[in-house]
Structures are given as structure tokens and as C-alpha cells.
Amino acid sequence: MSLVIGRRRAVQFAMSGAALIAMAQPGLAQQKGRLAAPADDQISPTDPLATAADITVVGTRASLRSAIARKKQADTVVDSIVADDIASFPDKNVGEALARITGVQLQRDFGEGSKVSIRGVEPDLNRIEINGVSQQSAGGERSGDFRELAVELVKSIDVYKGYTVDLTEGGIGGTVRVETRRPLELLKPIFSIKGEAQRLNLAQKWRPRVNLTAGRADLLDGRLGVLLNVTHSQVDTRGDSIANTDWRRYFDLDRSSEKTVADPDYAAYSTYESCAGTTGGSAAKATAARLACETQFFDWAPNSARYRVLDRFDARTSFDGQLQYRVADNFTIWTQAQLNWRNQRMRDTNYTVNLSSGTGRTLDLTRYNLDAPLATNAAGGASRPRPTVGTVTTENHVLTSVLTALNGVNAATDGATANYRGANGIVGVQRRDFRYDEESRYLQTGFEWDLDRLHLIGLASTSRASRIDETNLVGITTGVPGITIDRRNPDGLPILQFPAAFDPADISSYADATRRGANGQLLNQTGPVLQYRPGQNDASEDQLKLDATYAVNWGPLKAIAFGGQFRNQDLVSYGAGGARLLRAAVTAVPSAGIAASPAIYQYNNNISYTTVIGPVPAGGAAANTYYLTAAQYQQFLAANSGVTGGAPLFTGISGAEGAPQRLAIPLFDYANLSRYYDLSGFNQDRVRFADGLPQIPDYVINERIVAGYLKADIDTRLFGMPLTGNVGVRYTATRDRSVSSNTRRENRVRPGTGVGTIPAVIETATVAVQQITLQNRYHDWLPAANAALEVRPDLFIRLGYAKNLARPKPSDLSPAINCVIDTADTIAGEDTCSAGNPYLKPYRADQYELNAAWYPNRDTAISIGYYYKDIQSFVLPAATVSGVDLFRDGTLYTVRQPLNGFGAKLDGIEASAQTVLGFLPAPFDGVRAQRQHHL
């Protein structure tokens, strides 16, 4: 496969200070150094690594020094990134910044950083905080998306690879803490508008990004600060790909006597033709044996050649408003509201020339031009036909080109039902439109109270993220004879060459009812298919948190920290619905006077329509099927179609020369489609409630977590060397409540049979599908100890040990139970079920750190470290286990579900070095050099 993602070019403008004199009050000029002078009460209360030095950061070099200082002063293994000023974070995306940290692997979506793995641990098992509040996932998962965060107010990002007990548990790989600026950090009022535009070379469109930042800290005699940030951006992305998909071996393409894959059971057969010597006890067995022999000579070929164009429009708006008030010199309160809106529209076009059947997995032999098969052998064993010489080329037993079927074929085997193959329906075009509307909201208020030796920080927050998504699909197929798929280029890309009478960029070619095969017979036309798929997801958390530090001077013990936390979290996912059984099916038993009736389920929001080009059958229309005349189909395509736009297809892909530059595509135009189809159900109205009842969710996971900790901070000397560290323990108690569906199927005697003279009939029937709620509780003690020994000035050796945990994915916790209950007592053993596992234990880990870091000057840090993680109770994919008390009622079942395994071991070595090339002449004396390795 080959893929190209469009590049961007950007221009930007900025207006601030004097440039906006007509819009701003006197004294609101923007300038470097607008952050407040050092003062303890102006340090962000939710940032545990903040120092006065962070507040006076000015310039890129100073920001690097601040990041190094945070790493040096941290009480465990931490890496940091610090912004040099407001609205000047070095990246447009938090994830992109994190990619520069050793041991952090960035996951990208459309070329943008979205999530991170830390030290090889997947995103769901890491923890992300924004100003002390858990980041929420609009997809109802545990890992959020960094793209929702505007970076203009980001002050610092700290990646905690070690663990201290005052950190909220949940990051086995690590914890990422994002801190934004606080109003009282401002030295002078600020009013700034910055704008830029970027152009994607494939989409050939300009898109804007605009930011407004305003704030001041001089209200009410300098006790009240206000800070406002609004960011809006629009992004276009497009990816073109060209691929050979699903390679298989089904034909002898090269007619070579060399075997492609030898089978020792048929080693005596040296040619394709010699396989006629196989035998069997029946014609079927003889045919199977001959096919197994011939398979040795089958060559590799793709099941389809596929072109794909995936483009996206992404509009994002973020609002961040903060108030901070110094009630007294030792008491400060604040409140913050951060709101994010994101609207994505994605359009996915898949253009395929199929060498396979409708399932895409089994080769359709009629898509090739075939010679007559070799003669049936004496035992009745038939031979598989081979493609006609001259219609395929190969190299090293791999297909390099093929001329597809020249004629249509009716491959029906029953003589009645049409099954059009060959050149019929060989070209498929699917246009799938995705809509994702996301919102996230982070509200918090808190206080910081300094009572001489006792320092208190309180935080109350509520956060929520939600996503409404839906997918519309319209797909068409058409018959085209004699398409050439040519892979004879350096990358083996499938170049499609169509006959002169067919224009892939002209939609009318796809509805041509007069197209014929080489034999003069008309090719069959099938109508479009339509689909609608909705979904809704939520994640929310309410939090209360109190942290206290009491300064002491008891020998090496310098401070005692303690605190408590309460969190109530919901993770929610709704799909199509329709799981609830309202009335069970009844099978007819005429001899007992029982009439058949179908099962009735709650409304299912997934809708699929098929279309037949032809008249309605005499027996009436089939369910969810529409009928169009050839003329109506032509009108349909003319009204609901377009052509790929922007730059020509596959621009920038080497080897794609000769491929079509434009393709005609069907469009999902609601107004026009409504003329032909009933689209009244293409909406979100019944995703959560239908037929007078709530829909059963895919899952609703409610977690209530209570935690508390006690930590001692140590500062002493060991053999004359400064030693700092901490030791403590965290207690956490978790209650999970999981909601999903419970399906009961019975292996039973069919009602009405087994009575009197009516013989018993055993059947398996669904008798109930209802909502179920299951609950689980667990608690953990999480000790941690960290030590930093300064073996010589600015050379530190760090040691760390901690227990930590991460809670399972919500999809694994979902009950989603489906059981077969053997009421007929005809199946040996326990009744069987498939299910999720709401009783899963969390991932629990013992983790160890050893790190050496040298800071020869303020601009330089050199670090090497080893880590080891022993992850117990690792969650494994579904496995079958007997003796499971699934409903906690004493009844045992054999269940296939996710399980806690014995664990996994992770270890690695991290090395990094960074410095500033201060010896270079200005303005290059602030250039940063960095190198990192992770093994």
C-alpha cells in the first residue's frame, strides 16, 4: 500500500499592544516579561513543581532552563516542557510537544498527535490531568484526545514516570500533568489577537486559526486577576492511498512446474497436470484431493485493487476563563471554566475493482477470464480452471497484471436465483460520511491557604465530555468488461486502466444500462445501498480533593503531607440499540394449534437499504428494499454525485502515474436522497429511548473512588552527600457498577411439542434480553518511596519504588452477557455464556526506577535511567473458564470473557541529553540541541 498525507503551508499575523491601541485601554500593551514577579502566592496552586522561577520565564532559553530546573527539583523521575510566555507554547498540540520526551510514543490521527503511550504502556493505562482534573474522553474511554486543548495558555507539561503517593493513581505508564497560566501570574495587563492560516496542498484550501488572549491582575488593588482565552481553528486534511488488498492463492497463474508452496503429502506430483493422478473414494473426495495437489502451484494475487480518498474538515473552538482572588495575604481562591467544541466531518471514498465475491474473503473465480478446466480424472476428481494465457502476468509466483472478465456471468447454482458475477458489479464505489460533534467542559474552583507551617490546597471540579457520531453510507456498483490492473511498477501499485467506453470520472458511466460484454450480452446493473449508523458516548467526573503539607523540623523529616480525594466517574456508550426483546418469537406447531409469530425487539437505529433496478416482484417488495427503473437510477446518480476535488489523486505518490486523476463518487445528499428513500429514521432521536423504554446501552460504567494518602518528605545527608526523598502510602477504594444487556437463550423443547402424540423438538430460542447491572468492589494500598542523592555537585542518583494501578477499559467491564440455558437437559456440563467481565481486577504494578542525571550548567541536562515494571493482574482477551459464578447467585457457568492474567514485565533504558548552543552568535545563541534514546 502507498499513502500520502497532504502537507500544509502557513501564514500568520499577530496584533497586540500598540497595534490594537484603538481597541485596548491604555497600558494594555503586550510585551515579553508580562508575567508576575516572584511571589509564593502567585504560583499556580495545582502545580506541585511550580517555583517562582517559572513565573519569571522570558524567552526560549529561559523556558528550557525552567524545564531543566523542574526535572532537577522533582521528588521522582519527571520530564518537563515549559512555555516561554503566554500564547507562545512551542507546539500547536500538546501531544506534539510530548513526543520530544524520552519514552513517550505519540499516536497520530490525520498526522496530528492525539494520544500517548508512555514506556510502551497503552494510552488507557496512563493518566492525563489538566490543572489537577482528569481529562475526559468524548469517546467514553479512559484516554482523552490532546487535540481538544488549545495550547495558548499552557504553562507547563510534566510527565511523571515515577510515582509519589500524592499523585492520583491510574498511570501505570506515567502521569501527564498539564498546567495553564493563572491570572495573578500576570505582571501587566495583556490583550492579544493572533491569527494564522494554513493551506493543505491536496485540498487546495486555506483554513484559519485565531486566538484572543486578554487578562489583568491589577483589579481591586492587585487582589483580583482575570484571564480569558478563546481559540478557534479549522483544519483540512486529506489522505490518498492505493493498495492491493487481501492476498490469497487461488489459481495457477504462471503455469510453471515450480511449486509455489510445496505440500509434502503431494511431493510425488511435479506438475499441475500430474495432479490428475490423485484419487478418492468418491467424486467429492477425489476433487478435494486434486485441489489440494493443485494448490501447490497456486500463485499469489490480491482479492481487490483499492483506491481510497479520506478527507476531513475539523473545526475546533476553545474557551478558557479564570478568576483568581487573593482574599488575604495567605488565602487565595480561584475558579476556572474551560469549554471545548469540536466538529468533524469526514468523507471516506473507497473505489474498488473486486476480484472477490461480495464478502471480500472468498475469491470469485468468474472475475478472471478462464480456460476450460482439465479433464475430470478417473475417480471423478475435477480440476480448477486456470486464467487464459495472455490475460495475466506474474513474477516470482506473484500476479503483476490481469485483464478482468470480458463478459458477465450468472453464477447461480439453483437455476432460479440470479447471481451475477464476471464483469457484472466488478467496480464498487462507497462513499461514507462521518459526523463527530464533541463537547468537553472542565469546571473547577479551589483555594490555597497558608497557615504558617500548614499549607492547604482544596479543589472541587466537575468535568464532562460527550460525542454524538453518525455515519451515512451510499454505495454503488457497476459492470465493466476488460479492466486492466497493472502492478508492473517499482512499488507494485495497482494501476487501473479502463476500456475507452468507460470514464471513471463521469457518473453517467456507472448507470449505463446499455453496456455489453465482449459476447454482446448486456451487463447487469444493481442499485445503490444506503446505511445509517448512529452512536453517543459520554465521560464525566466529579471530584473533591484536599492536599495538606505540614512543615516540621524533626531531624531528617522536613514535612508531612496528607490528603484525601473523592471521585465519581461515569463512562457511557450507546450504539444502535435494539437489544431489548419485547416479545419472543413463536415457532409454528400446526398439530398443536400454535401459529408462528416473529420476535419483536426494541427499535434498532442501524438502517440498511438495498436497491433493485427493475420492477417490484409480484409477491411484493422485500424488506428494506427499494425498486428503481433504469431511468430513475440515472436521475438518482445525476442528483447525488460529485467528483473528487482538490489536487489530482495520488499527488506525491511515486509509481501512481497512469492511475485515474479524478473519480466520480456518489454523495449523501439528504434532500435529494429523500426523493427516493425514507430517511425519517436517519437521526439520533431513538438512540437512548425508544418504544416507551430506555435503550440498553453498550455500557455504562459508574466508578466511585475514595482515596487518601500520607507522605513524609526527607532532607538529610548521607556520608556527607545531600539526600532528599519521600516515603508514603496511598489507600484507594473503588466501587464499580456496570450496566449492559443480559441475553437469555434456551436449549429447550419447543412449546407445543413433546405432548401427547406430538414428538418433542429441541430448539435454541432467545427468550429474554433485558438490562442488567452488576457491581464490584476492591481496595488497594499503594506504597511509594523515592530518594535523590547528590553524589557530587549537580550529579544526582535517583531511586524509586512504588505500587500503582490502572483500572480496566470500560469495554472489558461491560457485562454484555449472552447465555444458553439448557432447560432440555440435552447438553452435558455447565450452561455456557459469553460476557464482558465487570469483576475484573485493576492492572496492578510494582515499579522500580534507577536514574542518574548530571546538570553541568543551567542550560544542560544529561540523564540515563533504567526502569522495571511488574504488571500483575494484566487483563487478557476473552478466554473460556468453567465454574464462574457470573451473577453472584451461586449458579456456576462456563463463560468466555476477559480475564486477569498472571501479568507482564516491562523494562527499558532511557537516555537523553539536551543543551543550548550558547556559543553561537545572536540570534542563534538560544538554539537547543537534544538527543534521546529509549531501549
Side-chain angles (χ1 to χ4, degrees), residues 49 61 63-82 97-106 116-121 126 156-164 167 171-177 714 717-727 784-802 804 845-871 904-919 927-935:
L49 296 184
R61 186 170 185 177
S63 71
L64 299 177
R65 288 178 175 176
S66 179
I68 290 173
R70 293 168 76 91
K71 177 181 178 73
K72 182 178 180 180
Q73 297 165 8
D75 51 6
T76 188
V77 179
V78 176
D79 284 307
S80 300
I81 300 171
V82 178
L98 288 170
R100 299 199 302 271
I101 290 180
T102 309
V104 174
Q105 299 83 39
L106 182 63
V116 293
S117 299
I118 302 176
R119 291 177 164 178
V121 177
N126 300 311
S156 63
I157 304 174
D158 299 297
V159 179
Y160 285 78
K161 299 174 181 178
Y163 181 70
T164 60
L167 287 173
I172 281 184
T175 296
V176 178
R177 303 187 74 163
I714 298 169
R717 302 186 77 83
L718 179 65
F719 303 118
M721 297 176 289
L723 174 66
T724 59
N726 58 81
V727 61
N786 295 273
L789 182 66
E790 191 172 3
V791 296
R792 55 172 295 178
D794 298 316
L795 177 60
F796 292 82
I797 303 295
R798 293 185 184 273
L799 293 171
Y801 164 76
N804 202 346
D846 289 289
Q847 53 192 53
Y848 303 84
E849 304 279 348
L850 173 61
N851 179 273
W854 182 37
Y855 307 92
N857 55 59
R858 291 189 300 164
D859 296 328
T860 305
I862 301 171
S863 173
I864 185 169
Y866 172 77
Y867 66 86
Y868 175 80
K869 297 178 184 291
D870 182 6
I871 305 176
K905 309 288 193 295
L906 291 176
D907 68 339
I909 297 174
E910 296 177 341
S912 66
Q914 60 180 328
T915 190
V916 174
L917 305 181
F919 58 85
V927 172
R928 173 190 184 188
Q930 179 178 359
R931 188 64 181 262
Q932 61 187 36
H933 291 281
H934 181 241
L935 301 175

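Taking all atoms of both residues into account, the shortest heavy-atom contact from Y163 to T76 is N-OG1, 3.5 Å. Smallest separation of non-hydrogen atoms from Q914 and I68: NE2-CG1, 3.9 Å. Between E790 and F796, the shortest heavy-atom contact is CD-CZ, 3.6 Å. For G171 against N804, the heavy-atom pair with the smallest separation is O-ND2, 3.2 Å. Summarising the geometry of G103 relative to E910, their closest heavy-atom pair is CA-OE2, 3.6 Å, with the distance given to 0.1 Å. Of all heavy-atom pairs between D859 and R65, the closest is OD1-NE, 2.5 Å.
Checked against side-chain contact (heavy atoms from CB on, under 4.5 Å), T175 has the following partners two or more places apart in sequence or in another chain: R127, Y160, R177. Residues satisfying the side-chain contact (heavy atoms from CB on, under 4.5 Å) test with A913, not counting sequence neighbours, are I862. Taking A785 as the reference, V727 meet the side-chain contact (heavy atoms from CB on, under 4.5 Å) condition, with sequence neighbours excluded.
V916 has its side chain out of reach of R858: every pair of non-hydrogen atoms, C-beta onward, lies at least 4.5 Å apart. Side-chain contact check for D870 versus K905: some heavy-atom pair is nearer than 4.5 Å. Side chains of I714 and L723 form no contact here, defined as non-hydrogen atoms less than 4.5 Å apart.
Atom-to-atom distance recorded for R792:CZ and W854:CH2 is 7.0 Å, nearest 0.5 angstrom. Between the CG atom in D75 and the OG1 atom in T164 there is a gap of 5.0 Å [rounded to 0.5 Å]. The structure places CD1 of I172 at 9.0 Å from CG of N126, a figure rounded to the nearest 0.5 Å. To the nearest 0.5 Å, atom CG of residue D794 and atom CG of residue N857 are 9.0 Å apart. T724 contributes atom OG1, which lies 11.5 Å from atom CG of L718 (distance to the nearest 0.5 angstrom). Note that NZ of K869 is 6.0 Å distant from CD of E849, once rounded to the nearest 0.5 Å.
The closest side-chain donor-acceptor pair between T102 and D79, if any, does not fall under 3.5 angstrom. Looking at D158 and S80, their side chains do bring a donor and an acceptor atom within 3.5 Å of each other.
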Candidate pair V176 and V104, rule side-chain contact (heavy atoms from CB on, under 4.5 Å), full reasoning: CA-CA 11 Å; V176 178; V104 174; over 6 Å; no

L799 and L850: CA distance, side-chain angles, deciding distance, side-chain contact (heavy atoms from CB on, under 4.5 Å) verdict: CA-CA 5 Å; L799 293 171; L850 173 61; 3.2 Å; yes

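For the side-chain contact (heavy atoms from CB on, under 4.5 Å) with R119, the lone residue among K161, Q847, Q105 that qualifies is K161.
Judged by distance alone, with hydrogens and angles left aside, the side-chain atoms of N786 form no donor-acceptor pair with the main-chain N or O of R798 at under 3.5 Å.
Aromatic ring pairs are classed by plane angle as parallel below 30°, tilted from 30° to 60° and perpendicular above 60°; the pair Y868 and Y848 is tilted.
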